[in-house]
Novice: 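Submitted below is the structure of interest, expressed as structure tokens.
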Amino acid sequence: MASFGRFIRLAFGVCTLLLLAMAAPASAQQVNPTASSVKEQQLLQELNRIQGRVSIPDQRSGVLEQPQGREWREFRMVTLPWIGGVAIIGMIALIMIFYLTRGMVRLESGRSGRTIVRFNGFERFVHWMTATCFIILAISGLNVTFGRQLLLPLIGFEAFSEWSQWAKYAHNYLSFPFTLGVVLIFLMWIGGNIPNKVDIEWAKRGGGLIGHDHPPANRFNGGQKMIYWIVVIGGGLVAASGYALMFPFYGTGIESMQMAQIVHSIVAVLFVAAMIGHIYIGTIGMEGAFAAMGSGEVDVNWAREHHSLWLDEQMARTGPNDGQRQPATAAAE
């Protein structure tokens with residue numbers, strides 16, 4: 001019996017050692033997030049969300065890591081630069097190809113010497129206020145995405161830090177007049193920017209950019225209506241998401257802030273690309289187009305080639321000579 005008892009104790013001891021040996025690897029893999037020294041990689045592998053307790057009122061500040069944060073960082077560092085680079089460089093390349101093959105869209109019938117008012121002073125003020133704010137917002141915003149890679153090596157750390165600080169101030173404060181401008185543009189021109197059958201025919205005929213065709217158009221043609229809605233919708237999205245970022249955590253959580261930044265940045269870079277095309281057409285891309293927002297008056301022949309329906313409407317309303325202006329020399333003759 002004594003030998004049998006020793007056998008039982010020996011078997012029990014061997015089983016205990018085997019159980020301890022099997023449990024050791026599992027216990028070694030467990031991580032105590034409250035330990036004094038924990039490797040970040042271990043935490044990321046073991047936990048999807050790292051959250052602790054804080055003494056300040058905002059309990060959301062206790063979140064140190066969460067899955068969307070790692071996805072947002074990948075978007076911010078990799079995906080966004082690719083989207084912005086392809087959109088902006090692609091638009092510039094497209095413009096260069098178009099300019100080299102088509103050149104400036106010339107006024108084929110020549111200038112008549114008579115002009116007609118296209119935009120009044122208030123409309124031009126709102127346009128240029130919004131455009132000026134947009135350009136500064138675009139440059140300061142692109143600095144966040146591309147400045148470290150492109151500008152920092154050229155001007156150095158101190159100059160880049162100073163520039164980035166002032167760019168941030170400009171970006172924040174000029175967002176308010178930009179938003180006001182978008183709202184005014186929406187209210188001023190909504191009546192003339194509802195798409196219709198004329199715009200479909202205008203698009204089918206290339207909008208006057210292909211060949212030498214001049215399809216009829218109202219005050220705003222199909223391309224201008226597209227730009228209008230890009231400004232209204234795109235401007236509204238960047239404004240709403242931008243204010244969420246400017247005033248963080250007012251009714252939003254961390255995940256919502258990350259989504260606001262994603263929406264803001266994607267819409268912004270696409271907005272910039274579209275406006276580059278708009279600036280090209282309004283300056284060197286089309287003869288006589290800049291005068292519409294410059295002096296507010298365009299040549300009658302320009303209006304007849306690009307906005308014939310609008311010109312007919314204006315002449316029917318005011319008469320063939322009313323509302324038109326002639327140069328002083330021509331009037332004297």
Side-chain angles (χ1 to χ4, degrees), residues 104-131 180-233 235 275 277-283 285-333:
M104 175 183 284
V105 179
R106 295 290 182 180
L107 188 59
E108 295 185 1
S109 56
R111 296 183 181 273
S112 66
R114 295 177 298 150
T115 61
I116 185 170
V117 176
R118 180 152 172 80
F119 295 111
N120 61 40
F122 180 73
E123 290 174 311
R124 286 182 285 124
F125 168 78
V126 172
H127 172 272
W128 287 116
M129 178 189 72
T130 310
L180 175 62
V182 170
V183 172
L184 291 175
I185 286 173
F186 170 73
L187 296 175
M188 284 191 311
W189 294 329
I190 179 62
N193 280 279
I194 304 299
N196 53 39
K197 293 181 179 180
V198 174
D199 303 317
I200 298 175
E201 183 64 24
W202 179 89
K204 289 180 179 179
R205 293 170 59 175
L209 299 177
I210 300 174
H212 300 280
D213 189 17
H214 297 291
N218 293 300
R219 188 187 188 196
F220 300 101
N221 59 38
Q224 292 168 330
K225 290 181 181 181
M226 181 178 66
I227 291 296
Y228 170 85
W229 288 110
I230 288 175
V231 170
V232 170
I233 298 175
M275 289 303 104
H278 174 62
I279 292 171
Y280 165 75
I281 292 296
T283 53
M286 179 178 291
E287 182 182 6
F290 184 80
M293 277 299 171
S295 64
E297 300 176 3
V298 295
D299 192 89
V300 171
N301 284 351
W302 183 93
R304 182 172 289 109
E305 289 187 8
H306 299 291
H307 299 273
S308 58
L309 298 179
W310 170 75
L311 179 63
D312 293 341
E313 179 183 341
Q314 294 298 110
M315 287 187 170
R317 180 183 303 173
T318 62
N321 295 320
D322 294 342
Q324 300 179 26
R325 298 184 182 181
Q326 297 179 343
T329 55
E333 294 175 359

Novice: Please table the atom pairs, donor to acceptor, closer than 3.5 Å between any side-chain atom in residues 288-296 and protein atoms at least two apart or in another chain.
Specialist:
residue	atom	partner	partner atom	Å
Ser295	OG	Ala291	O	3.4
Ser295	OG	Glu297	N	3.3
Ser295	OG	Glu297	O	3.4

Novice: Identify the two heavy atoms, one from Ala217 and one from Trp202, that lie closest to each other, and give their separation to 0.1 Å.
Specialist: CB-CD1, 4.2 Å

Novice: Could you check whether any side-chain heavy atom of Arg111 comes within less than 4.5 Å of a side-chain heavy atom of Trp302, counting everything from C-beta outward?
Specialist: no

Novice: Contact between Gln224 and His307 at the side-chain level, heavy atoms closer than 4.5 Å - yes or no?
Specialist: yes

Novice: How far does CH2 of Trp310 sit from CG of Asp312, to the nearest 0.5 angstrom?
Specialist: 11.0 Å

Novice: Side-chain contact test, heavy atoms from C-beta onward, threshold under 4.5 Å: evaluate it for Arg118 versus Arg219 and give yes or no.
Specialist: yes

Novice: With sequence neighbours left out, what residues match Ile194 under side-chain contact (heavy atoms from CB on, under 4.5 Å)?
Specialist: Ile190, Trp229

Novice: Does Leu107 offer a backbone N or O that forms a donor-acceptor pair with the side chain of Glu287 under 3.5 Å?
Specialist: yes

Novice: May I have all residue pairs that pass side chain to side chain donor-acceptor pair (under 3.5 Å) and include part of residues 187-199, sequence neighbours excluded?
Specialist: Glu123-Trp189, Asp199-Lys225

Novice: With sequence neighbours left out, what residues match Ser308 under side-chain contact (heavy atoms from CB on, under 4.5 Å)?
Specialist: Pro216

Novice: With distance as the sole test, does Asp299 use its side chain to make a donor-acceptor pair with the main-chain N or O of Ser112 at under 3.5 Å?
Specialist: yes

Novice: Measure the CG-CG distance between Asn218 and Leu311 for me, rounded to the nearest 0.5 Å.
Specialist: 12.0 Å

Novice: Any side-chain to backbone donor/acceptor pair from Arg114 onto Asn301? Under 3.5 Å, distance only.
Specialist: no

Novice: Can you see which heavy atom on Phe220 is nearest to which on Gly192, and at what distance?
Specialist: CD1-O, 3.5 Å

Novice: Under the rule for side-chain contact (heavy atoms from CB on, under 4.5 Å), what residues qualify as partners of Leu209, not counting sequence neighbours?
Specialist: Phe98, Val105, Ile281, Met286

Novice: Report yes if the side chains of Glu305 and Ser109 come closer than 4.5 Å at any heavy-atom pair, otherwise no.
Specialist: yes

Novice: Any heavy-atom pair between the side chains of Met188 and Asn120 that's under 4.5 Å?
Specialist: no

Novice: May I have all residue pairs that pass salt bridge (charged side-chain N to carboxylate O under 4.0 Å, His left out) and include part of residues 206-217, sequence neighbours excluded?
Specialist: Arg205-Asp213

Novice: Are Met315 and Arg304 close enough that some pair of their side-chain heavy atoms sits under 4.5 Å apart?
Specialist: yes

